[in-house]
Enquirer: 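One structure, pasted below without further comment.
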Amino acid sequence: MTEQEFIQFSTGDEQALHRFYKAQYGYVTGWLIYREKCPADRAAEFYTDAVLRVRDKAMQGDLEAGNLRAYLLRAAINGWKMELRRESSLLKRHERFLEQLPPDTGEMEFDTLIRDEEATGLEKRRQRHTLAVLRGLELLSEGCRQLLTDTIVNGLKIGGLVEKYGLKDSRGVTAKKQDCKGQLQRLTLQVMRQNGWLYV
Amino acid sequence: MNKNIDDKTLRDYAANALAGDDLREFEHRLQAEPELQAELDLYLALKAADNLRLKKQLARSAADAQLAPLEPPRALVRRIPVWIAAAASLALALTAVWWWQQSARPDAVQLAQSYIATPYPPPVASMGASDTLPAAIQSAYLAYRTGDFAAAAGQLSALANSPDASDEILFYAGESSLQTGQTERAIQYFDRVRPGYWRESADWRCALALLRSGQTDRARVLLEQLRQTGRKTQAEALLEAIK
């Protein structure tokens, strides 16, 4: 990966993510299958988890272009070994819960979407909160959604977002982020209240 | 977010990458601080949804491109006959003995390495002055100041890619690369420092980097120039060692 490609990758560019994903796919999944004895039908899963973790670390400024592939391979192997120990991260359990949801939940009673804690590995409190946040996110403006994705999800530095959002300075971005976060929290609370989940 | 728990800790906790005391401390605080728990819950919900979106796209991408696992090359040791392996081991042992005898004498590379081992002091900021710097620079300098050279190198390299990057940025991008073992990259940054306040320091650190990377002739030229400066003693010691 060139310096320029790495900059794109570490600032959240999704095209760069796709290029990186394709470039390393054969090598890392091959290593998992042939050297680590990971079942062939699961290698892509651990590889994808590792790519997203590497991207996260790169966006945080914790990685450099030179050590990306080694870190990626290590992350993929760790993911597979965690699975062998029957461990999974809190983040992965959230992803699995969301993955199990029916395609269109818009018209469905939220209570019917809550699953057994043992089946999902996720407490009901967390399942409810996740559903409420995602519904709140749908009601939020596109600008706010994007800003919260850049700051909370991708962890991009505030200073690097001033130009993107056409704001005066870092303080402007921080204020806007707080405003959007407040809106999302109010909407989440509203969904929780509508479903009678607040004091459950 | 709670000021004492940084964003990185929260992310590492979510990814199951915290251990030991860090994990215990974080879990203790989660119990005690509802605000931190709310922060974690919000991050998990948003991150999981975004990861799922990306995973679907990437899976499609893999299917479209018909990506497939590649068998890694077999380890070399399994393919070479035993007698070759034995001969190679003997040669290695002899080389190790020779190297050990050589290393008893200090050479230019070792000396350069000992100078490199002490990082160049962090940027000086008068009170309040650093507040006026852009956040990205503040963050990079903070990483350097706290000894997190990997983070500093990553952030400063990004800043140094701008054509109008200041000499100070170029110098510290070079120095943090040097501290993280990226010698060639460090040389490139030092070379870009323009004549002025930072040039002499850049020459000094560049000479050390060049010695480390085996470019003795280029290093010698810089060290000869540095004999005329305040670094005369160190430059002459290195020149002597090169002989």
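Keep in mind the model is a prediction, meaning the values are calculated, not measured. Reminder, nothing fancy here: chain letters follow the sequence lines and each chain counts from 1.
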Enquirer: Checking heavy atoms, do the side chain of Q182(B), its backbone, both or neither come under 4.5 Å from chain A?
Expert: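 The answer is the side chain of Q182(B).
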
Enquirer: Donor-acceptor check, side chain of R11(B) to backbone of V153(A), threshold 3.5 angstrom: yes or no?
Expert: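 Here the side-chain-to-backbone pair exists.
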
Enquirer: State, to 0.1 Å, how close N16(B) and S89(A) come at their nearest heavy-atom pair, and which atoms those are.
Expert: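 Scanning both residues completely, I find the closest heavy atoms to be CB-CB, 3.6 Å.
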
Enquirer: Roughly how far, to the nearest 0.5 Å, is CD1 of I152(A) from CG of D7(B)?
Expert: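 Those atoms lie 9.0 Å apart.
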
Enquirer: Can you tell me which of A14(B), S157(B), A151(B), A135(B) forms the most heavy-atom pairs within a distance under 4.5 Å of chain A?
Expert: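 Of A14(B), S157(B), A151(B), A135(B), A14(B) has the most heavy-atom pairs under 4.5 Å with chain A.
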
Enquirer: Could you look at T11(A) and say if it's the side chain, the backbone, both or neither that has a heavy atom under 4.5 Å from chain B?
Expert: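 Contact with chain B involves no heavy atom of T11(A) at all.
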
Enquirer: Determine the option with the most heavy-atom pairs under 4.5 angstrom with chain A, choosing from I137(B), D50(B), D148(B), T180(B).
Expert: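 Most heavy-atom pairs within the cutoff with chain A belong to D50(B).
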
Enquirer: Take K57(A) and K8(B) through the side-chain contact (heavy atoms from CB on, under 4.5 Å) test and state the conclusion after the steps.
Expert: CA-CA 9 Å; K57(A) 292 296 246 181; K8(B) 183 177 177 299; 4.0 Å; yes

Enquirer: Side chain, backbone, both or neither: which part of S139(B) has a non-hydrogen atom closer than 4.5 Å to chain A?
Expert: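 The side chain, not the backbone.
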
Enquirer: What part of K22(A) gets closer than 4.5 Å to chain B, counting heavy atoms only: side chain, backbone, both or neither?
Expert: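 For K22(A), the contact with chain B is made by backbone and side chain together.
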
Enquirer: Locate the shortest heavy-atom distance separating P69(B) from I33(A); write the atom from each residue and the value.
Expert: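 Shortest heavy-atom contact: CG-CD1, 3.5 Å.
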
Enquirer: Between D56(A), I158(A), V28(A), who has the most heavy-atom pairs with chain B when the cutoff is under 4.5 Å?
Expert: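 Among D56(A), I158(A), V28(A), the one with the most close pairs to chain B is D56(A).
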
Enquirer: D49(A) vs K55(B), test: side-chain contact (heavy atoms from CB on, under 4.5 Å). Steps then yes/no.
Expert: CA-CA 8 Å; D49(A) 283 338; K55(B) 282 181 176 184; 2.4 Å; yes

Enquirer: Looking at OH of Y43(B) and CG of L90(A), how far apart are the two atoms once the value is rounded to the nearest 0.5 Å?
Expert: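 Reported value, rounded in 0.5 Å steps: 10.5 Å.
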
Enquirer: Going from CG on L58(B) to CG on L17(A), what distance comes out if it is rounded to the nearest 0.5 angstrom?
Expert: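 Reported value, rounded in 0.5 Å steps: 5.0 Å.
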
Enquirer: Any chance you could measure D12(B), atom CG, to R53(A), atom CZ, to the nearest 0.5 Å?
Expert: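 Separation between the atoms: 5.0 Å.
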
Enquirer: Heavy-atom cut-off 4.5 Å, strictly under: side chain, backbone, both or neither for I7(A) against chain B?
Expert: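 Only the side chain of I7(A) comes within 4.5 Å of chain B.
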
Enquirer: Using non-hydrogen atoms and a 4.5 Å limit, figure out which bit of L137(A) sits close to chain B: side chain, backbone, both or neither.
Expert: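 Contact with chain B is through the side chain of L137(A) alone.
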
Enquirer: Going by the side chain to side chain contact (heavy atoms under 4.5 Å, CB included) test, name the single residue among L184(A), T151(A), T130(A) that passes it with L46(B).
Expert: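 Between L46(B) and the candidates, side chain to side chain contact (heavy atoms under 4.5 Å, CB included) is satisfied uniquely by L184(A).
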
Enquirer: Has K81(A) got more than 12 heavy atoms of other residues, nucleotides or ligands less than 6.0 Å from its NZ?
Expert: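 Atom NZ in K81(A) is not crowded, with 12 or fewer foreign heavy atoms closer than 6.0 Å.
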
Enquirer: Out of K157(A), H129(A), K92(A), return the one with the most heavy atom pairs under 4.5 angstrom to chain B.
Expert: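 So the answer, after comparing K157(A), H129(A), K92(A), is H129(A).
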
Enquirer: Non-hydrogen atoms of chain B under 4.5 Å away: do they reach the side chain of R93(A), the backbone, both or neither?
Expert: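 The answer is neither part of R93(A).
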
Enquirer: If you draw a 6.0 Å radius around OH in Y197(B), do more than 12 non-hydrogen atoms from other residues or ligands fall strictly inside?
Expert: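 Counting other residues, nucleotides and ligands, OH of Y197(B) stays at 12 neighbours or fewer.
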
Enquirer: Specify the closest pair of heavy atoms between S61(B) and H18(A), including all atoms of both residues, with the distance to one decimal.
Expert: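 Result for this residue pair: OG-ND1, 3.3 Å.
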
Enquirer: Would you mind checking which part of E45(A) comes under 4.5 Å of any heavy atom in chain B, side chain (CB onward), backbone (N, CA, C, O), both or neither?
Expert: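 Neither the backbone nor the side chain of E45(A) comes within 4.5 Å of chain B.
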
Enquirer: For D41(B) and V133(A), what are the C-alpha separation, side-chain angles and deciding distance, and is it a side-chain contact (heavy atoms from CB on, under 4.5 Å)?
Expert: CA-CA 9 Å; D41(B) 288 345; V133(A) 169; over 6 Å; no

Enquirer: Chain B heavy atoms under 4.5 Å from D169(A): which part of the residue, side chain, backbone, both or neither?
Expert: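 D169(A) has no heavy atom closer than 4.5 Å to chain B.
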
Enquirer: Determine the minimum heavy-atom distance between L134(A) and A45(B), stating which atoms define it.
Expert: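 Looks like CD2-O, 3.9 Å.
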
Enquirer: In Å, rounded to the nearest 0.5 Å, how long is the span from CG of N161(B) to CD of E3(A)?
Expert: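 Going from CG on N161(B) over to CD on E3(A), the span is 5.0 Å.
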
Enquirer: So which of L63(A), D62(A), L91(A), T29(A) has the biggest tally of heavy-atom pairs under 4.5 Å with chain B?
Expert: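 Most pairs with chain B among the choices: L91(A).
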
Enquirer: Locate the shortest heavy-atom distance separating E64(A) from A150(B); write the atom from each residue and the value.
Expert: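 Heavy atoms only, the tightest pair is OE2-O, 3.2 Å.
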
Enquirer: Is chain A contacted by the side chain of A68(B), its backbone, both, or neither, given a heavy-atom distance below 4.5 Å?
Expert: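 Answer is backbone: N, CA, C or O of A68(B) sit under 4.5 Å from chain A.
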
Enquirer: Tell me, side chain or backbone of L40(B) under 4.5 Å from chain A's heavy atoms, or both, or neither?
Expert: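 For L40(B), the side chain is the part near chain A, not the backbone.
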
Enquirer: Give the C-alpha distance, both sets of side-chain angles, the deciding distance and a yes or no for salt bridge (Lys or Arg N to Asp or Glu O under 4.0 Å) between R53(B) and E14(A).
Expert: CA-CA 12 Å; R53(B) 173 185 69 83; E14(A) 293 188 6; 2.7 Å; yes

Enquirer: How far apart are the closest heavy atoms of Y25(A) and L67(B), and which atoms are they?
Expert: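 Shortest heavy-atom separation between Y25(A) and L67(B) comes out as CD2-CB, 3.4 Å.
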
Enquirer: Against chain B, label E99(A) side chain, backbone, both or neither, depending on which of its atoms sit under 4.5 Å from a heavy atom there.
Expert: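 When you check distances to chain B, atoms from both the backbone and side chain of E99(A) fall under 4.5 Å.
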
Enquirer: Between G155(A), A65(A), S170(A), A58(A), who has the most heavy-atom pairs with chain B when the cutoff is under 4.5 Å?
Expert: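 Between G155(A), A65(A), S170(A), A58(A), the count favours G155(A).
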
Enquirer: Decide if atom CD of E142(A) counts as having more than 12 heavy atoms of other residues, nucleotides or ligands within a radius under 6.0 Å.
Expert: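 Above 12, so yes.
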
Enquirer: What part of N51(B) gets closer than 4.5 Å to chain A, counting heavy atoms only: side chain, backbone, both or neither?
Expert: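 Contact with chain A: backbone and side chain both.
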
Enquirer: Decide if atom CZ of R171(A) counts as having more than 12 heavy atoms of other residues, nucleotides or ligands within a radius under 6.0 Å.
Expert: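 No, CZ of R171(A) has 12 or fewer neighbouring heavy atoms, counting only those of other groups under 6.0 Å.
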
Enquirer: Got a second to check how far Y27(A)'s OH is from E71(B)'s CD, nearest 0.5 Å?
Expert: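 Atom-to-atom, Y27(A):OH and E71(B):CD are 13.5 Å apart.
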
Enquirer: Got a salt bridge between K47(B) and E95(A), using NZ or NE/NH1/NH2 to carboxylate O under 4.0 Å?
Expert: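 No.
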
Enquirer: Specify which of G26(A), A40(A), A44(A), A132(A) makes the most heavy-atom pairs with chain B at under 4.5 Å.
Expert: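 Winner by heavy-atom pair count: G26(A).
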
Enquirer: Using non-hydrogen atoms only, which part of Q37(B) is less than 4.5 Å away from chain A: side chain, backbone, both, or neither?
Expert: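 Contact with chain A: side chain only.
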
